[in-house]
Amino acid sequence: MTNAEGSERPRKIVHVDMDAFYASVEQRDNPELRGMPVAVGYPVARGVVAAASYEARKFGVHSAMPSVTAKRKCPDLIFVRPRFDVYKAVSLQIRAIFAEYTPMIEPLSLDEAYLDVTENLKGMEIATEIAAEIRAKIKQVTGLNASAGISYNKFLAKMASDLNKPNGQAVITPKNGPAFVEALPVKKFHGVGPATAEKMHRLGIETGADLKDKTLEFLVEHFGKSGPYFYGIARGIDNRQVKPDRVRKSVGAEDTFSEDIHSFEPARDGLQPLIEKVWAYCEANEIGAKTVTLKVKYADFSQITRSKTVTAPLQAIGDLEEVVGLLLAPIFPPRRGIRLLGVTLSSLERQTFEVAPQLRLAL
């Protein structure tokens, strides 16, 4: 009997995502912060929120938001300096719990990972029970809440983990997967950023059902190499494997801005969440990088890249910020507005980080 993936037996994928991880660690360790709106970051002009507690999220505060905007939305917001050494230590505790159930662990950052529990070390048949056990053990060991999504592929497991946050879990079965995707707005799809969602809307694609109506040829024409992925997930199909201990050739992040950028400060601010994203991936996977590449796309869609390779892998997020700043400065003033910026790390190798107790989120 085949399933929606076209294979003989559905895979059992669990996506575990810690709830407001950095902020929750701070509230755990400081009772005075419990029940209060907390942001991990710096309340300075160029600071960026690294994480926001659920109390802060009620005011519209979220990660990657400029600190000044966050403070405007929530005047009583309490800023806490990040302690990446503590977050890394907790992440390793959580990783050890995962390893009790399966060696098939693919971390995405310090606070989330995919687990393939189709064959698992406990011999458990029901993936929802595995997810519930893992969440309970995380709570017991760390005092923190985790949410989980369970499904037959990575895309749907990731989507499911958001359904009952915080401190909950949800399952999307092979029977329900295609219908779930059809009803979902494309802007909520994992892997569809604001710029791609806006492009889809211009093409008349508002929901998964609209996406499913488009041919593979149409999606490749408009979205290039992402076309086949969109074609698959619109049908609830995602054949990507959970890949443990992989060293990618590169890791990158980019963002298209709602308004073109013309000066250095907004560009530097726009790069900060991208820096944090790629650095978190490297830390979670214990990967070091020696080459930093800055991508700049202008309003006329022409683009340039600037790279710098250092002799030894970068040791701290502050080092990465410094290199990105050195690459960024010479392109100003730009010959025309900048619509997109990206940061890519390459020359990757296994690396054990000695994390400094206080790492900066802003220069």
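The figures that follow rest on heavy atoms only: side chains count, while hydrogens, waters and symmetry mates do not.
- Distance alone, capped at 3.5 Å, places no donor-acceptor pair between the Thr344 side chain and the Leu294 backbone.
- In this structure Phe223 satisfies the ring-ring contact (aromatic ring centres under 6.0 Å, His included) test together with Phe230, sequence neighbours excluded.
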Full working for side-chain contact (heavy atoms from CB on, under 4.5 Å) between Lys249 and Leu348:
CA-CA 6 Å; Lys249 291 182 179 178; Leu348 304 181; over 6 Å; no
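- Using a 4.5 Å heavy-atom threshold, the side chains of Tyr281 and Pro107 count as separate.
- Among residues two or more places apart in sequence or in another chain, the salt bridge (Lys or Arg N to Asp or Glu O under 4.0 Å) test is passed with Lys137 by Glu100.
- Of the N and O atoms on the side chains of Gln241 and Glu106, not one donor lies less than 3.5 Å from an acceptor on the other residue.
- Scored by the salt bridge (Lys or Arg N to Asp or Glu O under 4.0 Å) test, Lys158 finds Glu112 as partners (sequence neighbours excluded).
- We find that Glu119 and Lys12 are not joined by a salt bridge, their nearest charged nitrogen and carboxylate oxygen being 4.0 Å or further apart.
- No donor-acceptor distance shorter than 3.5 angstrom exists from the side chain of Glu349 to the backbone of Ser347, with no hydrogens or angles considered.
- Between Arg95 and Ile105, the closest side-chain pair of non-hydrogen atoms falls below 4.5 Å.
- Under the 3.5 Å distance criterion, the side-chain polar atoms of Ser53 are matched with a main-chain donor or acceptor of Val38.
- Val343 places none of its side-chain heavy atoms less than 4.5 Å from the side chain of Thr293.
- Note on Leu163 and Ile233: same hydrophobic cluster, where clusters join Ile, Leu, Val, Met, Phe, Trp and Tyr whose side-chain heavy atoms are under 4.5 Å apart, directly or indirectly.
- Across all their heavy atoms, Val220 and Pro228 have their closest contact at CG2-CD, 3.9 Å.
- Using modelled atom types, no side-chain atom of Lys277 and backbone atom of Ala253 make a donor-acceptor pair closer than 3.5 Å.
- The two residues Phe98 and Ala113 come nearest to each other via the heavy atoms CE1-CB, 3.8 Å.
- One finds the CG atom of Leu314 at 13.0 Å from the CD1 atom of Ile287 (value rounded to the nearest 0.5 Å).
- Scanning for side-chain contact (heavy atoms from CB on, under 4.5 Å) contacts around Ala234 gives Leu211, Lys212, with sequence neighbours left out.
- In this structure, Arg235 satisfies the cation-pi test against Tyr231, with its NZ or CZ atom closer than 6.0 Å to the six-membered ring centre and inside 45 degrees of the ring normal.
- To the nearest 0.5 Å, atoms CD (Glu276) and OG (Ser109) are separated by 12.5 Å.
- Val40 and Leu110 fall within the same hydrophobic cluster, where Ile, Leu, Val, Met, Phe, Trp and Tyr residues are linked whenever their side-chain heavy atoms come under 4.5 Å apart, directly or through other members.
- Follow the hydrophobic side-chain contacts under 4.5 Å out from Leu274 and you reach Tyr298 in the same cluster.
- Under the side-chain contact (heavy atoms from CB on, under 4.5 Å) criterion, Asp19 pairs with Tyr54, Asn145, Ser147, Lys165, Pro166, Asn167, sequence neighbours left out.
- Here the straight-line distance linking atom CZ of Arg240 with atom CD1 of Ile237 works out to 13.5 Å at 0.5 Å rounding.
- Under a 3.5 Å cut-off, the side chain of Ser24 and the backbone N or O of Ala20 do form a donor-acceptor pair.
- Relative to the ring axis of Tyr101, Lys122 places its NZ or CZ within 45° and under 6.0 Å from the centre.
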List the steps and the verdict of side-chain contact (heavy atoms from CB on, under 4.5 Å) for Glu283 and Phe84.
CA-CA 10 Å; Glu283 278 209 324; Phe84 283 104; 4.2 Å; yes
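- Expressed to the nearest 0.5 Å, how far CG of Asp116 lies from CD1 of Ile13 amounts to 3.5 Å.
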Show, in sequence, the C-alpha distance, side-chain angles and deciding distance for Lys214 and Ile205, and conclude whether the side-chain contact (heavy atoms from CB on, under 4.5 Å) test is met.
CA-CA 9 Å; Lys214 301 301 181 185; Ile205 303 170; 3.8 Å; yes
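- In terms of heavy atoms, Tyr152 sits closest to Pro174 at CE2-CA, 3.2 Å.
- Heavy-atom minimum distance, Ser263 versus Phe332: C-CE2, 3.2 Å.
- In this structure the side chain of Cys282 reaches within 4.5 angstrom of the side chain of Val251, judged on heavy atoms.
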Check step by step if salt bridge (charged side-chain N to carboxylate O under 4.0 Å, His left out) holds for Asp29 and Arg83.
CA-CA 11 Å; Asp29 293 350; Arg83 298 181 298 153; 2.8 Å; yes
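- Partners of Arg28 according to the side-chain contact (heavy atoms from CB on, under 4.5 Å) rule, which considers only residues two or more places apart in sequence or in another chain, are Val25, Val86, Val90, Thr142, Leu144.
- Contact of the Lys73 side chain with the Met65 side chain is registered, since non-hydrogen atoms from C-beta on lie closer than 4.5 Å.
- Between the side chains of Asn153 and Ser151, no donor N or O sits under 3.5 Å from an acceptor N or O.
- Linking Ile, Leu, Val, Met, Phe, Trp and Tyr whenever their side-chain heavy atoms come within less than 4.5 Å puts Ile304 and Leu271 in one cluster.
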Per-pair distances, 0.1 Å, donor-acceptor, side chain in residues 183-195, under 3.5 Å, sequence neighbours excluded:
none

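- Taking OG1 of Thr118 as the reference point, atom CZ of Arg11 lies at 7.0 Å (rounded to 0.5 Å).
- Closest of all the heavy-atom pairs between Leu341 and Ala267 is CD1-O, 3.7 Å.
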Evaluation steps, side-chain hydrogen bond (donor to acceptor under 3.5 Å, both in side chains), between Gln27 and Tyr22
CA-CA 9 Å; Gln27 289 178 316; Tyr22 298 171; over 6 Å; no
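- Listed by first then second residue, pairs satisfying ring-ring contact (aromatic ring centres under 6.0 Å, His included) with a partner in residues 162-182 number zero, not counting sequence neighbours.
- For Asp210, there are no salt bridge (Lys or Arg N to Asp or Glu O under 4.0 Å) partners, not counting sequence neighbours.
- No donor-acceptor pair closer than 3.5 Å links the side chain of Gln272 to the backbone N or O of Ala64.
- Under the 4.5 Å side-chain heavy-atom criterion for ILVMFWY residues, no single connected hydrophobic cluster contains both Leu33 and Met18.
- Partners of Ser346 under the side-chain contact (heavy atoms from CB on, under 4.5 Å) rule, at least two apart in sequence or in another chain, are Ser250, Thr291.
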Check the pair Lys71 / Phe79 against side-chain contact (heavy atoms from CB on, under 4.5 Å), numbers first and verdict last.
CA-CA 9 Å; Lys71 192 72 174 176; Phe79 279 89; 4.1 Å; yes
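- With sequence neighbours excluded, no residue satisfies salt bridge (Lys or Arg N to Asp or Glu O under 4.0 Å) with Glu32.
- Of all the heavy atoms in Val49 and Ala39, the pair that sits closest is CG1-CB, 4.2 Å.
- Going from atom CG of Asn120 over to atom CG of Leu115 covers 10.5 Å, rounded to the nearest 0.5 Å.
- A salt bridge between Arg339 and Glu259 is absent, with no side-chain N of the basic residue lying under 4.0 Å from a carboxylate O of the acidic one.
- Taking Glu221 as the reference, nothing meets the side-chain hydrogen bond (donor to acceptor under 3.5 Å, both in side chains) condition, with sequence neighbours excluded.
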